[in-house]
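One structure is given here, and the rest of the page talks about it.
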Amino acid sequence: ADAGLEAVFEATLAADERVEPRDWMPDGYRATLIRQIAQHAHSEIIGMQPEANWITRAPSLRRKAILMAKVQDEAGHGLYLYSAAETLGASRDELLDKLHSGRQRYSSIFNYPTLTWADVGAIGWLVDGAAIINQVPLCRCSYGPYARAMVRICKEESFHQRQGFESLLALSQGTPEQHAMAQDAVDRWWWPSLMMFGPPDADSTHSAQSMAWKIKRHSNDELRQRFVDICVPQAEALGLTLPDPELRWNDERGHYDYGAIDWDEFQQVLRGNGPCNEQRLTRRRRAHDNGAWVREAASAYAAKHGPEER
Ligand code: FAQ
């Protein structure tokens with residue numbers, strides 16, 4: 001690359017300014033961002049499925065309205081993120097094709113089933129909670145369009161986390177059966193939520209370079225620790241226990257110690273062998289195929305009227 005352009009790029013990073021779509025950037029920087037933003041976008045739209053599973057069975061009109069709004073927000077997040085990826089030269093068609101053919105990933109967390117209504121609360125509290133911890137630093141990501149999309153997404157995720165907590169609290173303080181249902185959901189979602197932050201730092205292939213490029217601001221383990229520290233008092237407030245006998249405050253470290261994560265399970269899920277991988281992708285492909293007529297109609301309309309009328 002032209003040494004002058006590279007120096008401008010490095011100076012932008014050093015000054016903590018944003019890299020914008022028309023700026024020169026190294027090929028690896030572009031490729032890393034496309035990979036991460038695409039994976040993030042795919043997670044948002046695949047992540048609609050586990051909770052949508054409960055829309056028709058929400059226990060009240062109020063809960064149903066909240067859940068529908070949340071699931072629609074996730075679709076919106078997917079759209080902001082696909083748009084951010086488009087500014088790097090990756091078209092939405094191409095990215096969806098890579099998702100559907102298994103060439104790009106989505107978050108491991110969405111390969112677990114939602115077995116009871118309490119899972120909706122547990123996802124809001126833990127999964128959206130983990131998403132916020134991971135995404136707040138991404139608001140300061142060096143790539144402008146991604147950073148700006150994150151600001152809005154984080155505000156919405158905060159609402160999602162609060163609704164999950166409130167829903168779980170209602171169950172926890174309800175009948176003994178409802179309390180047990182809430183506890184069971186937390187027991188099943190806790191460990192997969194910790195895996196959302198990615199492999200341990202020693203096995204994280206992309207972290208060092210992504211941190212040098214200021215795409216990531218903290219390591220996977222740092223963010224995971226932050227999440228654990230925040231969740232322990234929240235679990236107490238909920239009257240629920242986290243399923244980890246080794247969880248205890250470490251005065252020296254100023255953090256909670258926690259037990260060993262089952263990384264074999266994580267690798268299995270990444271290889272496509274989680275409980276719901278096949279169902280999630282099958283439904284996604286079907287939804288895409290069912291929407292073909294909308295895309296065709298939109299292109300036909302655009303061809304007829306030209307861009308100025310759109
Ligand atoms: N699942 O070198 P690293 C949400 C892969 S929140 C699957 O550490 P990196 C909100 C990784 O791609 C969820 N794969 O990777 C919501 C790489 O494989 P590759 C989405 C994972 O990128 C709530 C390999 O392991 N959030 O959707 C996972 O530096 C409710 C090595 O890992 C984001 O995507 C995983 N958990 O760090 C929606 C946030 N972890 O590509 C609906 C943005 C790692 O070489 C309902 N992303 N891998 O084949 C990030 O911050 C980063 O990409 C990390 C991973 C931290 C996830």
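Residues take their numbers from the sequence shown, with the count starting at 1. Whatever order the structure lists them in is the order used to number ligands and atoms, beginning at 1. No hydrogens, no waters, no symmetry mates; every other heavy atom, side chains included, goes into these values.
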Does ligand 1 have any atom that is closer than 4.0 Å to a heavy atom of [X]?
X	value
His160	no
Pro199	yes
Gln104	no
Gln135	yes
Met48	no

Per-atom contacts, ligand 1 versus [X] - under 4.0 Å to a heavy atom:
X	result
Glu157	10 (C)
Gly47	42 (C), 46 (C)
Lys70	30 (C), 46 (C)
Glu51	30 (C), 46 (C)

Any non-hydrogen protein atom less than 4.0 Å away from atom 50 (C) of ligand 1: yes
ring-ring contact (aromatic ring centres under 6.0 Å, His included), paired with Phe227, selected from Trp190, Tyr258, Tyr256: Trp190
Proximity winner for atom 19 (P) of ligand 1, if only heavy atoms of Glu156, His218, Arg105, Met195 are counted: Arg105
Could you check whether [Y] and [X], counting side-chain N and O atoms only, form a donor-acceptor pair closer than 3.5 Å?
X	Y	answer
Arg105	His42	no
Gln225	Arg253	yes
Ser204	Asp201	no
Asn250	His255	no

Test log, rule salt bridge (charged side-chain N to carboxylate O under 4.0 Å, His left out), inputs Glu20 and Arg148: CA-CA 11 Å; Glu20 295 298 338; Arg148 289 188 290 271; 2.8 Å; yes
Short side-chain to backbone donor-acceptor contact, Asp119 and Leu115, under 3.5 Å: yes
